[in-house]
*Asks:* 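My questions will all concern the structure given below.
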Amino acid sequence: MPTTSAILLNHLDLLEMKEKGEKIVCLTAYDASFSAILDASGVDLIMVGDSLGSVIQGHPITVYVKLEEMVYHARCVARGRQRALLVVDLPFLSYSTPEQALQSSARLIQEGQAQMVKLEGGGSRIAIVSHLVEHGIPVCGHLGLLPQSIHQLGRYSKQGKDQASANTMLADAVALEQAGASVLVLECVPSELAKTISERLDIPVIGIGAGADCDGQVLVLYDLLGISKGYIPAFSRNFMDTSETIKGAVESYVDAVRTGQFP
Ligand code: KIV
């Protein structure tokens, strides 16, 4: 367990957990009440994901989410938690240039109380990550399935299945770490590739639909509770099936991730 004296966990605590081989437990949240439940249940990292476009706003995809909406939900979540690291998504088209990314991140940190911002993609995003890190902003990368690129992708599907795309993803992961990213999320990636990337990087790799060998796991909270109204990915699990309370379901998830029983 993290030993630093700060009340809130930070990226160094997660690094220490990876070094010790302790699984990192992450979940999304969008308001203060759920944030408090997650925090009290031992979740290490709370992510205000732009998945709120689907589960809170009812859109089929995430590209409609605005920066001010992320700021609002981040601030709500920040008030509910006492320990967990707070990571907030930069929404679609809020980080197209390094300057825009800096301005958007400043709002997430100063108005939303984010401790770290998350952005999707490698390639041209690497320079943006460097720019944010140079300005003292911790960054979480996100590779694999990139929901903000859905109009380009055409459908939600597993990424990195062929050798060429797997090589590109590994190279992007290494480049993100070299650019100073503190954490990496891998979404819908073959487990072997996720294992290779997790072993290659020093920074913690958090998987969602990426197998059991990542350093930690994240799920969309509403999928875990079985209340998402739209599509629920096959890799998710409804923890309410075996729990009587929301807190019980979250605690079961925390325990299952820590002990390697999920995924
Ligand atoms: O938007 C989101 O909630 C996310 C996580 C589930 C990784 O990006």
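Basis for what follows: all heavy atoms, side chains included, without hydrogens, waters or symmetry-related copies. Residue indices begin at 1 and follow the sequence shown. Ligands are counted one by one from 1 in listed order, and the atoms in each one are counted from 1 as well.
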*Asks:* How far is atom 8 (O) of ligand 1 from the closest protein heavy atom, and which atom is that?
*Replies:*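 Ranked first by proximity to atom 8 (O) of ligand 1 is K118 NZ, 2.9 Å.
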*Asks:* Measure the distance from atom 7 (C) of ligand 1 to every protein heavy atom, then report the residue, atom name and distance (to 0.1 Å) of the closest one.
*Replies:*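 Protein heavy atom at minimum distance: M47 SD, 3.8 Å.
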*Asks:* Are the side chains of L9 and L45 in touch, meaning some heavy atoms are under 4.5 Å apart?
*Replies:* no
*Asks:* Would you mind running through ligand 1 and noting each atom that sits below 4.0 Å from a heavy atom of D50?
*Replies:*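 Counting atoms of ligand 1 from 1, those under 4.0 Å from D50 are 1 (O).
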*Asks:* One pair to check against side-chain hydrogen bond (donor to acceptor under 3.5 Å, both in side chains): Y253 and S41. What are the steps and the verdict?
*Replies:* CA-CA 9 Å; Y253 167 73; S41 305; over 6 Å; no
*Asks:* Would you mind listing which atoms of ligand 1 come within a distance below 4.0 Å of any non-hydrogen atom of G49?
*Replies:*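 Numbered from 1, ligand 1 contributes 1 (O), 2 (C), 3 (O).
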*Asks:* Any luck finding a side-chain donor-acceptor pair between S165 and D162 under 3.5 Å?
*Replies:* yes
*Asks:* Could you tell me whether the side chains of Q103 and Y95 share a donor-acceptor contact shorter than 3.5 Å?
*Replies:* no
*Asks:* Suppose we measure from atom 2 (C) of ligand 1 to each protein heavy atom; which comes out shortest, and what is that distance?
*Replies:*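 Looking at atom 2 (C) of ligand 1, the protein heavy atom closest to it is S51 OG, 3.3 Å.
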*Asks:* Which ligand 1 atoms, with their elements, are less than 4.0 angstrom from a heavy-atom of D89?
*Replies:* 1 (O), 2 (C), 8 (O)
*Asks:* Would you say E187 and ligand 1 have an N/O pair spaced under 3.5 Å apart?
*Replies:* no
*Asks:* Does the ring centre of Y30 sit less than 6.0 Å away from the ring centre of Y222?
*Replies:* yes
*Asks:* Taking K18 first and then D215, would you say they form a salt bridge - that is, a charged N and a carboxylate O separated by under 4.0 Å?
*Replies:* yes
*Asks:* Would E120 count as a contact residue for ligand 1, given that I'm defining contact as a non-hydrogen atom of the residue lying under 4.0 Å from a ligand atom?
*Replies:* no
*Asks:* Which of the numbered atoms in ligand 1 are below 4.0 angstrom from a heavy atom of H142?
*Replies:*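 Near H142, the atoms of ligand 1 are 8 (O).
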*Asks:* What closest approach, in Å, do Q217 and G211 show between heavy atoms, and which atom pair accounts for it?
*Replies:*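 That would be NE2-O, 2.9 Å.
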*Asks:* At under 4.0 Å between heavy atoms, is it the side chain or the backbone of I208 that contacts ligand 1, or both, or neither?
*Replies:*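 Looking at I208 and ligand 1, just side chain atoms fall under 4.0 Å.
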